[in-house]
Amino acid sequence: MTTKKRNRNLEKNYSPDNIEQKWYSKWIEAGLFNAEINPEAKAFSIVIPPPNVTGSLHVGHAFDHTFQDIMCRTKRMEGYSVLWLPGTDHAGIATQNVVEKDLAKKGISRYDLGREEFVKKVWEWKKIYGSRIIEQMKRLGNSCDWRRERFTLDEGLSKAVRAVFVRLYKKGLIYRGKYIVNWCPRCSTAISDLEVEYSEEQGKFYYVRYPLIDDDGYILVATTRPETIPGDVALAVHPRSEKYKNLIGKNVRVPLSDRIIPVIEDNMVDPDLGTGCLKITPAHAPDDFLIGLKHNLEQIQVIDSQGIMNEKAGKYKGMKIEDARREFVKDLEEAGLLEKTETITHSVGHCQRCGTTVEPYLSEQWFVKTKPLAERGVQAVKDGRIKWVPEQWEKTYFNWMENIRDWCISRQLWWGHRIPAWICKDCGHITVAENDPTECEHCHSKNINQESDVLDTWFSSALWPFSTMGWPDDKPELKYFYPTSLMVTGFDIIFFWVARMIMMGLEFMDDVPFRDVYIHSLIRDEHGKKMSKTKGNVIDPLVMIDKYGADALRMTLAALSVQGRDILLSSTRIETYRFFMNKLWNASRFALMNLDDEVHEIDINQLHMHDKFILTRTQEMASKVRELIDSYDIGTAARMLYDFVWGDVCDWYLEMSKPALKGDEGEERRKTTAGVLEEVFKTTLPLLHPFIPFVTEELWEAFGYGDEFIMKTSWPNPKSEYIFEGINEKMRILQDSVRTLRNLRAEAHVAPQQWLNKAVIRVNSDTETAKILTASLNQIENLCRVHDVILESLETVWTYGASLSSVTGDAEIKLPVGGVLDVEKEISRLKQEIETITKNINSSQARLNKADFVARAPAEVVEKERSKVSEGTAQIERLKANLESLSK
RNA sequence: GGGCGGAUAGUUCAGCGGUAGAACACCUGCUUUACACGCAGGGGGUCGUAGGUUCGAACCCUGCUUCGCCCACCA
């Protein structure tokens with residue numbers, strides 16, 4: 001005989017406040033999140049998508065983390081050795097911008113401080129905000145191995161970044177060159193194609209005349225950027241353009257200047273766009289740049305890195321782009337060179353971080369040659385080495401990877417991994433090395449300077465799955481936990497991050513970075529709007545945790561999670577799940593009030609139908625929830641648990657167990673019922689634990705199981721001795737009868753607490769229904785608050801006087817009401833009921849009348865229709881008999 | 001220009017081939033000793049639209065309407 005130390009003094013209402021903090025500290029103390037290399041166990045690993053150190057955790061993170069935590073906790077319970085590796089991202093531009101903004105408040109610019117001082121300031125910022133984010137993760141309940149926390153700019157990762165850079169460079173997969181890049185004049189740095197966000201905007205097409213040399217007339221060119229005309233070096237037309245064929249090879253004069261430029265042909269020109277003639281400005285437009293290279297044209301830069309016109313722009317020097325444009329157009333007009341303007345909508349690129357209009361800018365930059373890397377990445381998914389969930393994202397991935405362009409990785413910033421390249425002032429040679437060189441590797445001059453640019457922040461993120469585990473050193477962690485099992489992230493960073501991790505993982509580990517990648521939807525507000533600080537519709541997870549508790553927030557996010565649809569979150573939703581915590585708490589409180597210290601065995605022979613029902617359902621939950629979680633469907637799992645606890649356990653089982661627990665059914669029944677209750681909670685709490693870790697741990701202890709943390713228990717295996725075939729269907733008959741009788745009570749306006757004297761259930765005595773109901777009469781009396789429920793055959797002569805009647809299945813349920821029956825109302829109710837059933841019979845009959853249906857539909861479907869007809873017909877007969885007796 | 005996703009009760013969403021479900025909101029009645037963070041009951045939907053496949057369609061296929069997202073070098 002075992003006994004447990006139960007805590008029967010639970011507060012009446014659940015309060016998460018102290019409980020969550022308490023358990024989190026205990027878990028940490030006990031080292032329960034620590035990932036250990038255990039050759040005996042299978043590994044399960046996740047590296048966290050490192051949040052930016054720029055701010056605080058938002059509800060999107062909370063969702064992301066809840067999902068990962070549910071996976072990790074479940075896998076631990078399933079016996080895996082689990083690593084959930086946490087960390088944060090230095091977030092290059094984003095962080096530099098916030099710190100700069102912060103400094104600007106004090107009137108300081110980064111140039112005032114100088115590079116070294118400024119970077120020091122950012123590190124100070126990182127210290128404060130980075131640790132704040134970590135604290136927030138802990139409040140959520142994240143079961144990360146904090147001993148292994150990493151930062152994308154820490155020493156180990158810097159080593160990895162350098163190693164990767166050098167190896168890619170030596171392999172020819174990183175190159176440096178002067179190209180047109182996307183340039184943010186405000187951030188004063190190059191950005192990658194992905195960091196440009198396009199939006200449709202109103203703009204103007206200026207139709208400009210380029211006077212022909214040696215000929216009368218002019219060529220008309222449509223441009224949106226007249227201020228770049230001083231940078232023009234040619235006009236281009238399509239080689240097969242009828243309109244311009246004979247102008248190829250002629251020369252024109254650049255408007256408002258003396259420069260003469262040629263008319264060339266190039267098939268990149270779209271003859272149907274604008275006037276069909278394109279002005280070529282290689283320094284300020286990507287296409288023009290390519291055409292310029294092809295035709296060996298000069299690159300004349302007229303706008304500088306700050307978006308200001310330079311000396312090549314002549315009189316416009318010093319003007320901002322917009323001002324220069326206005327002035328230039330005015331001058332064109334005065335010179336009679338502007339034919340017309342036309343309003344158009346075109347898409348304009350903006351800097352992802354600051355919204356400034358992006359300029360195509362010619363500059364010296366570093367690039368990753370992505371094609372060869374991408375090919376392997378595509379192959380890995382095609383081979384099934386990486387699985388996308390939901391699968392649809394595979395297409396998006398392929399589409400991008402198959403059309404990938406080289407990745408501009410250099411940033412003219414101060415915060416980030418400085419590019420490990422040293423440029424020799426004497427011979428110009430570039431030395432790329434993992435360790436700081438002291439001399440030029442080519443001419444051995446000591447006169448070398450390190451490249452001042454830093455790397456795109458995503459460059460270091462791309463290495464995250466292996467750099468965090470000690471690469472390039474040969475660490476046992478790498479062997480054991482790499483490839484990681486799962487990557488959980490949003491679709492917004494599939495290209496930025498997921499694709500690049502795949503490429504880098506394959507290149508440097510020769511294996512995929514993760515087996516499965518789960519892409520979840522975005523969290524929006526209750527109206528479907530994207531949450532943003534400016535809109536003021538942000539739901540702060542920390543505020544929600546303070547208000548409702550972390551468990552409630554987690555359960556909400558889990559239950560709302562659906563594949564392929566945005567998630568709309570509101571605080572009333574969280575409230576619903578907050579109520580669920582209380583429900584679970586009180587159900588447990590009830591159980592504890594009725595459990596002895598002694599743990600009672602379940603005597604199978606003592607079980608009633610509802611005991612068998614709840615035992616069976618409990619075992620079903622153990623296997624179903626596990627299956628759902630293993631297939632990443634945590635939404636269904638959470639909702640199923642919610643319904644099970646609230647519906648099956650609380651609404652039905654706890655109510656039905658009351659008489660036995662009170663001792664009304666004898667001591668043996670009391671003990672067995674206690675045993676069932678114990679089994680239900682001992683199994684269900686662990687199933688709930690991954691979703692709501694805190695409250696389940698607290699209850700686990702209250703039940704007296706606290707010698708071992710619930711976190712450390714194994715996932716419950718369904719026990720076959722507690723699975724009773726067909727019990728759910730049997731239970732349904734009881735439930736339907738109860739519902740029908742309760743409905744009659746409500747019809748009769750009987751107050752819920754009032755006990756009625758008598759109710760009658762009439763059913764043929766040799767039926768299954770009769771058998772089930774006979775065994776459950778006490779339960780029905782109890783659940784419906786009727787002192788005496790009488791079961792009698794349908795043939796028995798009716799002797800109980802005026803009554804309300806209804807039917808369910810093959811039973812008729814009657815509630816005698818003495819002389820107070822409202823006959824009129826009862827008649828119309830019965831008629832209504834007859835009508836509904838008749839409609840159902842008719843639709844079933846109509847189907848059965850079709851030969852095709854009977855011939856082609858599966859036998860069981862046909863049989864179901866037949867029984868619906870026969871049962872319905874019988875029900876109508878009974879209802880009609882009741883009607884008749886009323887009409888008399 | 002390509003691609004993807006959504007359109008189901010007042011609202012937010014499940015369901016994805018066999019007679020429409022949940023939560024919230026709403027209505028009726030309740031201090032039923034686990035829980036008013038609750039209990040019991042109820043009203044409310046021709047499942048965007050037009051066709052097709054099928055014995056049978058909210059569910060599969062095709063067009064259309066509509067909302068949203070992503071990609072692409074419209075000068």
Side-chain angles (χ1 to χ4, degrees), chain A residues 10 12-14 180 193-194 198 205 221-225 228 236 268-270 272-281 285-290 344-347 360 390 392-393 395-396 399-400 403 405 491-492 494-495 521-522 524 526-528 548 552 559-560 562 564-570 572-573 575-594 635-636 639 642-643 650-651 654-655 658 739 742-747 749-755 783-785 839-840 843-844 847 850-858 860-862 864-865 868:
Chain A
L10 299 183
K12 186 174 163 189
N13 280 324
Y14 173 59
I180 283 260
D193 296 332
L194 284 176
Y198 290 91
F205 241 160
V221 175
T223 177
T224 54
R225 305 284 314 267
T228 64
M268 274 180 76
V269 180
D270 180 347
D272 299 322
L273 209 60
T275 63
C277 178
L278 175 64
K279 76 184 196 67
I280 303 300
T281 322
D287 280 1
D288 299 17
F289 174 75
L290 293 176
I344 52 158
T345 51
H346 59 157
S347 73
Q392 67 193 65
W393 292 108
K395 255 191 184 171
T396 311
N399 185 46
W400 189 74
N403 298 295
R405 293 160 59 202
F491 58 80
D492 48 334
I494 287 178
F495 307 141
S521 326
L522 238 54
R524 296 169 179 279
E526 55 196 309
H527 308 294
Y548 303 110
L560 254 44
V562 211
R565 193 177 217 181
D566 288 342
I567 295 157
L568 274 54
L569 185 70
S570 66
T572 55
R573 257 182 190 264
E575 201 171 38
T576 305
Y577 288 95
R578 169 69 183 81
F579 294 161
F580 176 69
M581 299 309 136
N582 199 242
K583 190 71 179 174
L584 176 67
W585 181 262
N586 273 291
S588 305
R589 204 159 71 95
F590 171 82
L592 284 164
M593 287 168 162
N594 288 286
T636 307
R639 278 177 260 127
Y642 179 98
D643 291 341
C650 293
D651 292 345
L654 293 190
E655 290 307 322
K658 281 175 181 174
R739 269 192 272 258
R742 279 172 173 171
N743 182 283
L744 289 182
R745 280 184 62 115
E747 290 290 345
H749 289 292
V750 179
Q753 83 282 14
Q754 192 187 326
W755 280 81
L783 291 168
C784 300
R785 305 206 143 221
K839 234 160 81 185
N840 290 340
S843 82
S844 292
R847 281 190 200 188
K850 281 202 238 172
D852 272 347
F853 174 71
V854 181
R856 299 199 188 192
E860 60 202 75
V861 175
V862 177
K864 217 170 138 193
E865 293 301 323
K868 268 194 252 175

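Chain letters run A, B, ... following the sequence lines, proteins first and then strands; every chain starts at 1. Only a predicted model underlies this, so the values are computations on that prediction, with no experimental measurement involved.
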### Summary
Given Watson-Crick and G-U pairs under 3.5 Å, RNA chain B in dot-bracket ([ ] crossing, | other strand) is ((((((((.[[[[.)..(..]]]].(((((.......))))).....[[[[[..)....]]]]])))))))....
### Query
Starting at CZ of R745(A) and ending at C1' of U28(B), how long is that distance when rounded to a whole Å?
14 Å
### Message
Would you measure the distance from the C1' atom in C70(B) across to the matching atom in C13(B) and give it in whole Å?
### Response
24 Å
### Query
Q392(A) side chain: which of G5(B), A23(B), A36(B) is closest?
G5(B)
## Note on the structure
Which of C37(B), C69(B), A34(B) is nearest the side chain of A587(A)? It is A34(B)
### Task
Could you tell me whether T576(A) contacts a base, only the sugar-phosphate backbone, or nothing, with contacts defined as non-hydrogen atoms closer than 4.0 Å?
sugar-phosphate
### Query
Which class fits the ring pair W585(A) and Y14(A): parallel under 30°, tilted 30 to 60°, perpendicular over 60°?
tilted
### Task
For K658(A), report the nucleic acid contact type (base, sugar-phosphate, nothing); a contact means any heavy atom under 4.0 Å.
base
### K395(A) side chain near C4(B) phosphate (N/O to OP1/OP2, under 4.0 Å)
yes
### Task
Compare side-chain N and O positions of K12(A) against OP1 and OP2 of U33(B) and report whether any pair is under 4.0 Å apart.
no
Strictly under 3.5 Å: I want the nitrogen or oxygen pairs between protein and nucleotides 40-42 of chain B, one per line.
{"residue": "G41(B)", "atom": "O3'", "partner": "N743(A)", "partner atom": "ND2", "Å": "3.3"}
{"residue": "G42(B)", "atom": "OP1", "partner": "N743(A)", "partner atom": "ND2", "Å": "3.0"}

### Query
F495(A) CZ to C69(B) C1': how many Å, rounded?
12 Å
### Query
Under 4.0 Å: is that the gap between some side-chain N or O of K583(A) and OP1 or OP2 of C39(B)?
yes
## Note on the structure
The ring pair (Phe, Tyr, Trp, His ring centres under 6.0 Å) partners of F205(A) (sequence neighbours excluded) come to Y207(A)
### Query
What is the nucleic acid contact for E655(A), judged by heavy atoms within less than 4.0 Å: base, sugar-phosphate only, or nothing?
base
### Task
Tell me what R785(A) touches on the nucleic acid: a base, only sugar-phosphate, or nothing, going by heavy atoms under 4.0 Å.
base
### Task
Measure from the side chain of N582(A), starting at C-beta and using heavy atoms only, and say which of G38(B), C35(B), A34(B) lies closest.
C35(B)
#### Entry: Whole-Å distance separating the CH2 atom of W755(A) from the P atom of C30(B)
19 Å
### Query
Of N13(A) and N399(A), whose nearest nucleotide on RNA chain B comes first from the 5' end?
N13(A)
### Message
Test of understanding: with salt bridge (charged side-chain N to carboxylate O under 4.0 Å, His left out), list the residues that count as partners of K583(A), not counting sequence neighbours.
### Response
none
Tabulate atom names and distances for all N/O pairs under 3.5 angstrom spanning the protein and nucleotides 72-75 of chain B.
{"residue": "C73(B)", "atom": "OP1", "partner": "R405(A)", "partner atom": "NH1", "Å": "2.7"}
{"residue": "C73(B)", "atom": "O2'", "partner": "D287(A)", "partner atom": "OD2", "Å": "3.3"}
{"residue": "C73(B)", "atom": "O2", "partner": "D287(A)", "partner atom": "OD1", "Å": "2.9"}
{"residue": "C73(B)", "atom": "O2", "partner": "D287(A)", "partner atom": "OD2", "Å": "2.6"}
{"residue": "A75(B)", "atom": "OP1", "partner": "H346(A)", "partner atom": "ND1", "Å": "3.4"}
{"residue": "A75(B)", "atom": "N6", "partner": "D270(A)", "partner atom": "N", "Å": "3.4"}
{"residue": "A75(B)", "atom": "N6", "partner": "D270(A)", "partner atom": "O", "Å": "2.5"}
{"residue": "A75(B)", "atom": "N6", "partner": "L273(A)", "partner atom": "O", "Å": "3.4"}
{"residue": "A75(B)", "atom": "N1", "partner": "D270(A)", "partner atom": "N", "Å": "3.0"}

### Message
Can you measure F579(A) atom CZ to C24(B) atom P for me and round it to whole angstrom units?
### Response
8 Å
Name the pairs: protein N/O against N/O of nucleotides 18-21 of chain B, kept only if under 3.5 Å.
{"residue": "U19(B)", "atom": "O2", "partner": "N840(A)", "partner atom": "OD1", "Å": "3.4"}

### Query
In whole Å, what is the span from the CD1 atom of I494(A) to the C1' atom of G3(B)?
13 Å
### Query
Quantified in whole Å, what is the P atom distance between nucleotide A40(B) and nucleotide U32(B)?
14 Å
### Task
May I ask you to say what I280(A) touches in the nucleic acid, namely base, sugar-phosphate or nothing, with a heavy-atom cut-off under 4.0 Å?
nothing
